[in-house]
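Worksheet: the structure to be examined is printed underneath.
Because only heavy atoms are used, hydrogens play no part in the values below, and waters and symmetry mates are left out as well, while side chains stay in. In what follows, chains carry the letters A, B, and so on, assigned in the order in which the sequence lines appear, proteins first and then strands, with residues in each chain numbered from 1. Quick caveat: nothing in here was measured; it's all calculated off a predicted structure.
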Amino acid sequence: MRDQEGGGQTSSWSTWILDAIRKIRAQKQRPSVERICHAVRQHHKDLNPHEDEIKEHLEATVKEGIVLKVFNKGQSTYKDPGGVQSRQLELSKGADLSKVIVKAARELGERDGSTLKSIEKYIRQSHALNVSADVDFRSLLRISAKRAEARGYLVHDGRLYKPTGRPIVGSAPTTPKRQSVQVKFGTDKISQVVGKSSFKSRNTKGKNF
DNA sequence: ACCTGCGCACCAT
DNA sequence: ATGGTGCGCAGGT
């Protein structure tokens with residue numbers, strides 16, 4: 001009932017924005033606020049909507065969970081939840097959501113951290129939850145957050161939770177059995193690795209954070 | 001000038 | 001290994 005008119009149809013805007021996002025993605029580009037505004041304006045030249053208006057609607061759709069806002073590499077990217085919805089979350093009795101929580105906190109990208117509330121919302125929006133009958137998502141979150149803190153993946157200041165820079169080393173079977181280190185050819189120089197490629201620069205995460 | 005397309009390096013899983 | 005992402009650039013309109 002409140003989505004029809006009253007200053008603008010929310011559903012139309014949702015569609016326009018979602019379309020813009022899909023279009024941009026199809027071009028392999030980042031659906032940033034700028035691009036989205038541009039794409040929407042272009043598709044509705046007749047209405048000539050002002051950027052600020054589009055931004056408002058964009059934020060609104062994010063609040064409604066129609067669009068997912070993900071912070072990544074210093075910028076926000078907007079996504080169509082449906083296009084990412086392949087992530088199923090099994091919420092059984094003792095489920096451990098610490099990793100999901102940390103990821104959510106990171107992707108929310110709030111400078112001062114996020115409340116468990118927004119983390120919960122974010123997770124609901126970005127996953128297909130399969131809640132087992134008598135399991136309370138909230139409690140599960142609380143417990144898991146605590147666990148994440150205990151493991152040093154998360155820190156909290158008041159009600160705000162923030163991911164610590166370096167976690168999630170859980171049980172990654174990353175080469176469980178590292179072996180065979182061919183030290184045999186240390187003849188002259190080990191320098192120079194012809195063939196493979198790059199050791200690129202180590203930029204990315206440094207920065208203020 | 002603006003738009004579309006895409007190779008491929010990057011990154012998380 | 002695998003799959004999603006988006007920079008940087010080429011090519012089209």
Side-chain angles (χ1 to χ4, degrees), chain A residues 16-51 54 58 61-62 65-92 95-110 114 119 122-130 144-145 147-148 151-154 161-180 193-209:
Chain A
W16 299 344
I17 292 173
L18 250 10
D19 284 345
I21 290 175
R22 288 188 210 106
K23 180 183 177 188
I24 295 165
R25 268 306 303 153
Q27 293 174 179
K28 293 193 181 180
Q29 296 186 328
R30 178 194 287 250
S32 59
V33 200
E34 298 73 40
R35 282 189 198 293
I36 290 172
C37 283
H38 194 230
V40 171
R41 298 193 73 197
Q42 188 173 298
H43 197 83
H44 298 282
K45 297 189 179 79
D46 43 312
L47 303 180
N48 193 40
H50 188 280
E51 258 110 34
I54 300 175
L58 178 56
T61 55
V62 169
I66 293 167
V67 167
L68 238 203
K69 181 180 183 180
V70 177
F71 187 76
N72 187 20
K73 297 180 189 163
Q75 288 180 66
S76 286
T77 289
Y78 294 80
K79 300 186 177 186
D80 174 354
V84 189
Q85 195 174 55
S86 49
R87 303 198 266 199
Q88 299 274 310
L89 238 201
E90 277 302 323
L91 301 188
S92 39
D96 178 12
L97 303 182
S98 46
K99 297 183 183 67
V100 192
I101 291 176
V102 176
K103 190 159 81 90
R106 193 202 319 132
E107 294 182 345
L108 276 165
E110 313 207 77
S114 309
I119 289 177
Y122 185 87
I123 293 177
R124 282 183 185 287
Q125 292 173 176
S126 50
H127 297 72
L129 316 179
N130 298 8
S144 298
R147 194 170 302 166
R151 293 176 179 168
Y153 298 160
L154 202 66
Y161 289 79
K162 239 170 112 172
T164 58
R166 262 330 114 139
I168 307 210
V169 186
S171 42
T174 308
T175 313
K177 41 186 77 174
R178 240 278 125 87
Q179 55 138 266
S180 71
V193 183
V194 189
K196 235 23 197 323
S197 51
S198 45
F199 290 32
K200 48 352 185 16
S201 46
R202 220 98 263 201
N203 56 354
T204 325
K205 56 119 55 24
K207 294 318 172 35
N208 57 5
F209 193 47

Self-check item: Protein proximity profile, nucleotides 2-7 of chain B - base contact B, sugar-phosphate-only contact S, no contact -, cut-off 4.0 Å on heavy atoms
Solution: -SBBBB
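Computed from coordinates, the A:R25 CZ to C:dG3 P distance equals 16 Å when rounded to whole Å. Rounded to whole Å, the distance from CG on A:D80 to P on C:dT5 is 10 Å. Atom NE2 of A:H127 and atom C1' of B:dT13 are 12 Å apart (whole Å). B:dA12 atom P lies 10 Å from atom CD of A:E107, rounded to whole Å. What separates CD1 of A:I36 from P of C:dG6 is a distance of 11 Å, to the nearest Å. When the C1' atom of B:dC10 is taken as reference, atom CD of A:Q75 falls 15 Å away, rounded to whole Å. As rounded to whole Å, 11 Å separates atom P of C:dG6 from atom CD1 of A:I24. Between A:N72 atom CG and B:dA12 atom P the separation is 8 Å, expressed in whole Å.
When the side-chain contact (heavy atoms from CB on, under 4.5 Å) test is applied to A:L91, the partners found at least two apart in sequence or on another chain are A:L89, A:L97, A:L129, A:V131, A:F137, A:L140. With sequence neighbours excluded, the residues that form a side-chain hydrogen bond (donor to acceptor under 3.5 Å, both in side chains) with A:E107 are A:Y122. Contacts of A:E51 classified as salt bridge (charged side-chain N to carboxylate O under 4.0 Å, His left out), with partners at least two apart in sequence or in another chain: A:R41. Scored by the side-chain hydrogen bond (donor to acceptor under 3.5 Å, both in side chains) test, A:R30 finds A:T77 as partners (sequence neighbours excluded). Taking the salt bridge (charged side-chain N to carboxylate O under 4.0 Å, His left out) definition, one finds that A:R124 meets it with A:E120, sequence neighbours left out. Applying the side-chain hydrogen bond (donor to acceptor under 3.5 Å, both in side chains) test to A:Q42 and every residue at least two apart in sequence or in another chain returns nothing. Scored by the salt bridge (charged side-chain N to carboxylate O under 4.0 Å, His left out) test, A:D96 finds A:R147, A:R151 as partners (sequence neighbours excluded).
A:H127 places a side-chain heavy atom less than 4.5 Å from the side chain of A:V100.
The shortest heavy-atom contact between A:I21 and A:I36 is CG1-CD1, 3.8 Å.
In this structure, A:T77 does not reach the C:dT5 phosphate: none of its side-chain N or O atoms is under 4.0 Å from OP1 or OP2. Phosphate contact (OP1/OP2 of C:dC7, side-chain N/O of A:R30, threshold under 4.0 Å): present.
With C:dT5, B:dA12, C:dC7 as the candidates, the nucleotide lying closest to the side chain of A:K103 is B:dA12.
End-to-end axis angle for the helix from B:dA1-C:dT13 to B:dT13-C:dA1, using five pairs per end and rounding to 10°, comes out at 10°.
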